[in-house]
Protein chains: 2
Amino acid sequence: MARRSEHSKEQIREMALAAAEDIVEADGLAGLSARKIAKQIGYTVGTLYLVFRNLDDLVLHVNARTLDALFAKIQDSLHKCRTPRTCVLAMGRAYVDFATENPKRWNMVFEHQLAEGEEVPYWFADKVNMMFQLVQLQLTPLLESQTEKKIDLVSKTIWCGVHGICSLAVTGKLDISDAESIHVLTDSLINNYLAGMATTLKGE
Amino acid sequence: MARRSEHSKEQIREMALAAAEDIVEADGLAGLSARKIAKQIGYTVGTLYLVFRNLDDLVLHVNARTLDALFAKIQDSLHKCRTPRTCVLAMGRAYVDFATENPKRWNMVFEHQLAEGEEVPYWFADKVNMMFQLVQLQLTPLLESQTEKKIDLVSKTIWCGVHGICSLAVTGKLDISDAESIHVLTDSLINNYLAGMATTLKGE
DNA sequence: ATCATTACTGAACGATGTTCAATATATTTA
DNA sequence: TAAATATATTGAACATCGTTCAGTAATGAT
């Protein structure tokens, strides 16, 4: 055997990640296996380990791609909004839309956990933080008089809230599942939280 | 072998669930295995399958116990509060406290997913719904003029938000991890959301 | 044409969830 | 008390999993 250089290592990586995405979106993280990926790209298991440290590493990279796609979709949603409030609303809806369109892939980002000793690599943590920073960017016009710590708190609170709604809805723990009904919850969260913040800021 | 009737089936169930809890809180869901549980209770793997349909079923029951303990803790927190707002604040803090005290067990409730065909049993869904109803119970005094649908929306939004904060904090996706810092977020969410709701209700 | 390098394989290992014929004990019957 | 029946428990077997790595086949260099 050995079809030397039919694909570069980088190509094999890409193929493996794409195959893994397919399998996960079809059967979830539980349905993913090294042998399935290998079979789908026409190589054997061993080859995967020349290109990834192990399956956890591969999943981490699939998750990175998911976060990238999610981030892109959320950034896109900002083209059609004008005020901080409507922009955060748009972001929340885009988040929900992505999650309902790619439920298993999105879910894997939060389902997957590294083994005890392993650390989440910095480049992965960065991708998560970028999401919060994008919220922060929208909100700063409303919070110019506030400390950075306060702005950080507000962005995190809102975005965690949106995530919580999305998470419980997509995993079927609420009775709702269609995107439209979930938007009602995220809209409510963002509108009321911001309205409440406005009153407490005035009262100072 | 066969130490007939040394323990009743119900006792073996209890022992297995307790052992599983121990293992999960030590090593997480990934560290749990049928053989480990069996070894810890002094039986062999086969015995577990006389008492549970399969490992998924066992995990589901561990999760049920976790939800029961969580619910009890949250109910307890209601003895020291007087207003709807402070009661929901107390509930949020109790939720965070439980999650930080039992991170792996709590996490498993949301990490674990049944296989494609399997349905979440009604008694499990009930336990989740009871949590929302407890929030609803606190909030109805503030929302007496509102439709039931609106009350439901508000409770779900707030509690999902609290869950989202808790979830991202406990799994290390925020930079914070101590309970006190997480309380700041849940307090902020609840206080601002309710304040915002008060203004929109007045404006009607 | 030979050698060295490289790309890839696939058998092997230990561990997993799950099943079920076999077995050892307890209870009932004679 | 002894034999027969019933039942509680076992543990070997199966397929599948992640992971490793000696071996092999094809390429590039000499």
Side-chain angles (χ1 to χ4, degrees), chain A residues 1-17 19-24 26-63 108 111-118, chain B residues 1-17 19-24 26-63 108 111-118:
Chain A
M1 322 291 158
R3 304 150 303 171
R4 181 183 169 120
S5 302
E6 190 176 327
H7 302 97
S8 71
K9 286 205 172 189
E10 201 43 59
Q11 281 176 314
I12 296 180
R13 272 178 81 90
E14 277 301 311
M15 292 161 63
L17 291 176
E21 272 177 359
D22 280 0
I23 296 168
V24 168
D27 302 327
L29 173 57
L32 188 71
S33 85
R35 286 172 174 86
K36 269 195 208 168
I37 299 170
K39 192 171 197 176
Q40 194 155 125
I41 66 175
Y43 281 82
T44 53
V45 239
T47 304
L48 288 179
Y49 288 82
L50 301 171
V51 159
F52 295 99
R53 273 187 20 256
N54 50 38
L55 255 212
D56 264 13
D57 186 34
L58 187 149
V59 168
L60 202 69
H61 282 87
V62 173
N63 284 345
M108 188 168 76
E111 192 182 352
H112 179 252
Q113 266 155 19
L114 295 177
E116 197 71 18
E118 301 287 313
Chain B
M1 322 290 157
R3 306 152 301 173
R4 181 184 169 118
S5 302
E6 190 175 328
H7 303 97
S8 71
K9 285 206 171 186
E10 201 43 60
Q11 280 177 316
I12 296 180
R13 272 178 82 90
E14 276 302 310
M15 291 161 62
L17 291 174
E21 273 177 0
D22 280 359
I23 295 169
V24 168
D27 302 328
L29 173 57
L32 188 70
S33 85
R35 284 171 175 85
K36 268 195 209 169
I37 298 171
K39 193 171 195 176
Q40 195 155 123
I41 67 173
Y43 281 83
T44 54
V45 239
T47 303
L48 289 179
Y49 288 82
L50 301 170
V51 160
F52 295 100
R53 271 185 24 254
N54 51 36
L55 254 212
D56 264 14
D57 185 36
L58 187 150
V59 168
L60 202 69
H61 282 87
V62 173
N63 285 345
M108 188 169 76
E111 191 184 352
H112 179 252
Q113 267 155 19
L114 295 179
E116 198 70 18
E118 301 287 314

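Chain identifiers are assigned alphabetically (A, B, ...) following the order of the sequence lines, protein sequences preceding nucleic acid strands; residue numbering begins at 1 within each chain.
- Along DNA chain D, the nucleotide nearest to B:Val45 and the one nearest to A:Leu50 differ in position, and the one closer to the 5' end is contacted by B:Val45.
- Near DNA chain C, defined here as any heavy-atom distance below 4.0 Å, the residues from residues 28-40 of chain B are B:Leu32, B:Ser33, B:Ala34, B:Arg35, listed numerically.
- In terms of phosphate contacts, B:Tyr49 brings a side-chain nitrogen or oxygen within less than 4.0 Å of OP1 or OP2 of C:dT18.
- Regarding B:Leu48, its CG atom lies at a distance of 13 Å from the C1' atom of D:dG11, rounded to whole Å.
- Rounded to an integer number of Å, the gap from A:Tyr43 OH to D:dT19 P is 21 Å.
- B:Ile12 comes within contact range of the sugar-phosphate backbone alone, with a heavy-atom separation under 4.0 Å but no base atom that close.
- B:Leu114 places its CG atom 16 Å from the P atom of C:dG17, with the value rounded to the nearest Å.
- Overall bending of the helix from C:dT5-D:dA26 to C:dA30-D:dT1, expressed as the angle between end axes built from five pairs apiece, is 30° (10° steps).
- The distance between atom CD of B:Glu6 and atom C1' of C:dA24, rounded to the nearest whole Å, is 14 Å.
- Near DNA chain C, defined here as any heavy-atom distance below 4.0 Å, the residues from residues 53-63 of chain B are B:Asn54, B:Leu55, listed numerically.
- Nearer to the 5' terminus of DNA chain D, by closest-nucleotide assignment, is the contact made by B:Lys9 (compared with the other of B:Lys9 and B:Gly46).
- Per the geometry, CE belonging to A:Met15 stands 10 Å off P belonging to C:dC8, to the nearest Å.
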